[in-house]
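Some notes on the structure that comes next.
Throughout, protein chains are lettered first and strands after them, A, B, ... in sequence-line order, and every chain is numbered starting at 1. All values derive from a computational prediction rather than experimental measurement.
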Amino acid sequence: MTDLQPVRGTRDLIGEDQRRHRHVVDTARGIAACYGFDEWATPIFEDTRVFARSLGDTSDVVTKEMYTFADRGGESVTLRPENTAGICRALVSNGLTQTLPQKVFYAGPMFRYERPQKGRYRQFHQIGAELIGSAEPLADAEVIALGWDLLVRLGIAGETVLELNTLGDGESRDAYRAALVAHFTAHRDALSDDSRTRLERNPLRILDSKEPRDAPFIAAAPTIFAHLTPAAAAFYATVQRHLRRFGVPFRENPRIVRGLDYYSHTAFEFVTTALGAQGTVMAGGRYDGLVAEMGGPPTPAVGWAAGIERLSLLLPAAPALTAAVAVIPVGEAAEPAALDVLQALRRAGIRAEMAYRGNLKRRMEQANRRQARAAVILGDSELARGVAQVKDFASGTQTELPIEALARHFA
RNA sequence: GCGGGCGUAGCUCAGGUGGUAGAGCGCCAGGUUGUGGUCUUGGAUGCCGUGGGUUCGAGUCCCAUCGCUCGCCCCA
């Protein structure tokens, strides 16, 4: 054994882990396509300004969690900690602000320098959907419905609850922020240390605190609803109406805020209690200012991202591997004919394998260990008659079939 | 960045008060030189995370360190 291990916070996806991972991505890709979303693949590292500009100066993601380094040319580049900013950058870079809306799906690795924990890694993977170019509440509802359908299709919708809130427009948010600051400042000395810091830097985040001593003040805090402008309130009401139309169950939670600064209006999280501290499985909202931050024209947008590791942990089981047919030659003379059969099966779309060495007994053992569904046994006596012995592993029964009939038999 | 728990065979884990390392599973071989899974017999495998200290003697006690893990924080 070597002492070389994967870097802290990274891990290998092998066997069942990878099958779960792939199942999540494949399922999401299929549903996103049904909603008219097209997949984009953007670079996993970007000019540091793409993230520094967009995510907000106060977020931990920017201030202490980014993998940022100077490349050999002296440019400051950053491994993407999330992908919404990169998608917006790509939209602008490719001149696609002229052809809106763009409905984008993506899947890939993200990087954050954090203390690893259950459902939290330094290299982790997200899928996401971004609908760029519509300011209509229908867009919000459609994006959320896409996420809900995915959880349903994965069989984990019952493990999660959709929590919905609005952050209002700029005017609503400023008024609300002032009200919150006034409320928490009145109880400043009783707050946790962390929340006193939040009061200075990002008062909305106090609402997110898990600190028990903050709980009574959070419960007593004003909600944004009293501070919404009529337009913002109407927008929020329409999003809810569409969600009901789509049959997406949700629970209003006025304490939901977003970690990153670019959000406004709709904010939502699909949360679960099954993953310990990392309960948020999918989260997103509206971010009408971000495209402009990337140097494009003011462009409304809404989207979400979901953690593949977290979704994988919730899956009841990994999809099974399709069982192979094991082709087994008996004796050297039978090998060429066995290879012909092997390739014929594969080219007929059947998963087929042949061990590289070993006698009949050993090859049978190997076939069983690899969970083959059947063995095709070819010896001199079979070849002389143009047939093969077909042993079905599930039933244990063995029958004789003409070689030409094999592909049809296993199809 | 801060706290708790844990590092013994490929995996899961036993190893009161210090005496020179074990089980189950898995793996390999035989029982069956053209038949797996079941059964049965036998076998291999360990810098006991790492470094230092105490001791005649350390898997066991002490210190340090690294790693994993759970929670805080943050977030998907």
Side-chain angles (χ1 to χ4, degrees), chain A residues 1 3-9 11 24 55 58-66 80-84 107-129 147 160 192-195 197-198 201-202 205 208-212 214 257-260 268-272 275-285 303-314 326 328-331 334 355 358-382 388-398:
Chain A
M1 189 171 71
D3 55 1
L4 282 178
Q5 295 294 318
V7 169
R8 183 173 177 75
R11 61 185 198 138
V24 169
L55 302 182
T58 60
S59 74
D60 280 16
V61 171
V62 171
T63 54
K64 45 190 191 201
E65 294 176 1
M66 296 206 302
R80 62 186 187 192
E82 57 103 45
N83 205 29
T84 302
M110 310 292 161
F111 305 85
R112 292 181 195 172
Y113 191 85
E114 295 182 275
R115 196 67 178 260
Q117 225 172 287
K118 184 175 188 179
R120 191 173 85 181
Y121 305 94
R122 287 183 173 178
Q123 175 175 335
F124 62 107
H125 300 80
Q126 287 186 331
I127 49 178
T160 67
S192 65
D193 289 349
D194 284 330
S195 286
T197 307
R198 294 187 183 105
R201 304 185 56 177
N202 193 350
R205 291 218 64 92
D208 246 0
S209 174
K210 289 174 193 159
E211 198 58 57
D214 293 336
V257 295
R258 303 278 58 241
L260 307 177
F268 63 92
E269 294 184 2
F270 286 89
V271 299
T272 180
L275 295 182
Q278 269 57 246
T280 303
V281 128
M282 176 187 295
W304 52 254
I308 297 175
E309 283 81 1
R310 294 181 186 179
L311 293 173
S312 296
L313 283 168
L314 289 178
I328 302 182
V330 182
N359 58 22
L360 174 58
K361 178 181 168 62
R362 174 144 180 76
R363 288 172 190 252
M364 288 293 282
E365 285 171 355
Q366 283 188 47
N368 184 66
R369 204 176 314 132
R370 292 181 67 81
Q371 296 175 32
R373 59 170 162 150
V376 170
I377 300 163
L378 290 158
D380 295 340
S381 57
E382 283 81 14
Q389 301 295 331
V390 175
K391 176 146 188 174
D392 182 276
F393 280 126
S395 65
T397 59
Q398 186 163 314

> Checking all strands, does A/G128 fall into the base, sugar-phosphate, or nothing category for heavy-atom contacts under 4.0 angstrom?
Replying inline: nothing

>> Rounded at 0.5 Å granularity, tell me how far CZ in A/F124 sits from CD in A/E309.
In response: 8.0 Å

> Who is the Watson-Crick or G-U wobble partner of B/C2, with both distances under 3.5 Å?
Replying inline: B/G71

>> Rounded to whole Å, please give me the gap between CZ in A/F111 and P in B/C75.
In response: 20 Å

> Starting at CE of A/M282 and ending at P of B/A76, how long is that distance when rounded to a whole Å?
Replying inline: 13 Å

> So which nucleotide from B/C74, B/A76, B/G36 ends up closest to the side chain of A/M364?
Replying inline: B/G36

> Heavy-atom distance under 4.5 Å between the side chains of A/R8 and A/R115, does that happen here?
Replying inline: yes

> Considering heavy-atom distances to RNA chain B, does A/F124 or A/V330 have its closest nucleotide positioned more toward the 5' end?
Replying inline: A/V330

> Hey, does the side-chain of A/R120 have a donor or acceptor N/O within less than 3.5 Å of a partner on the base of B/C74?
Replying inline: yes

> Can you find a pair of side-chain heavy atoms, one from A/Y121 and one from A/R11, that are under 4.5 Å apart?
Replying inline: yes

> Between the base of B/G37 and the side chain of A/N368, is there a donor-acceptor distance below 3.5 Å?
Replying inline: no

> Reckon A/R363 touches a base, only the sugar-phosphate, or nothing at all at heavy-atom distances under 4.0 Å?
Replying inline: nothing

> Base, sugar-phosphate alone, or nothing: which one does A/Q389 contact when heavy atoms must sit under 4.0 Å apart?
Replying inline: base

>> Whether the side chain of A/R8 and the base of B/C66 hold a donor-acceptor pair under 3.5 Å is what I'd like checked.
In response: no

> Does a distance-only test, which skips hydrogens and angles, find a donor-acceptor pair under 3.5 Å between the side chain of A/E365 and the base of B/U35?
Replying inline: no

>> By the 4.0 Å heavy-atom rule, please label A/E269 as base, sugar-phosphate, or nothing.
In response: nothing

>> Both A/G9 and A/E309 contact RNA chain B. Taking the nearest nucleotide for each, which residue is further toward the 5' end?
In response: A/G9

> Heavy-atom count around A/Q398 CD within 6.0 Å, excluding the residue itself: above 12?
Replying inline: yes

> With a centroid cutoff of 5.5 Å and a plane-angle limit of 30°, would you call A/F393 stacked on B/G37?
Replying inline: no

>> Tell me whether A/R363 contacts the main-chain N or O of A/I328 through its side chain, where contact means a donor paired with an acceptor under 3.5 Å.
In response: no

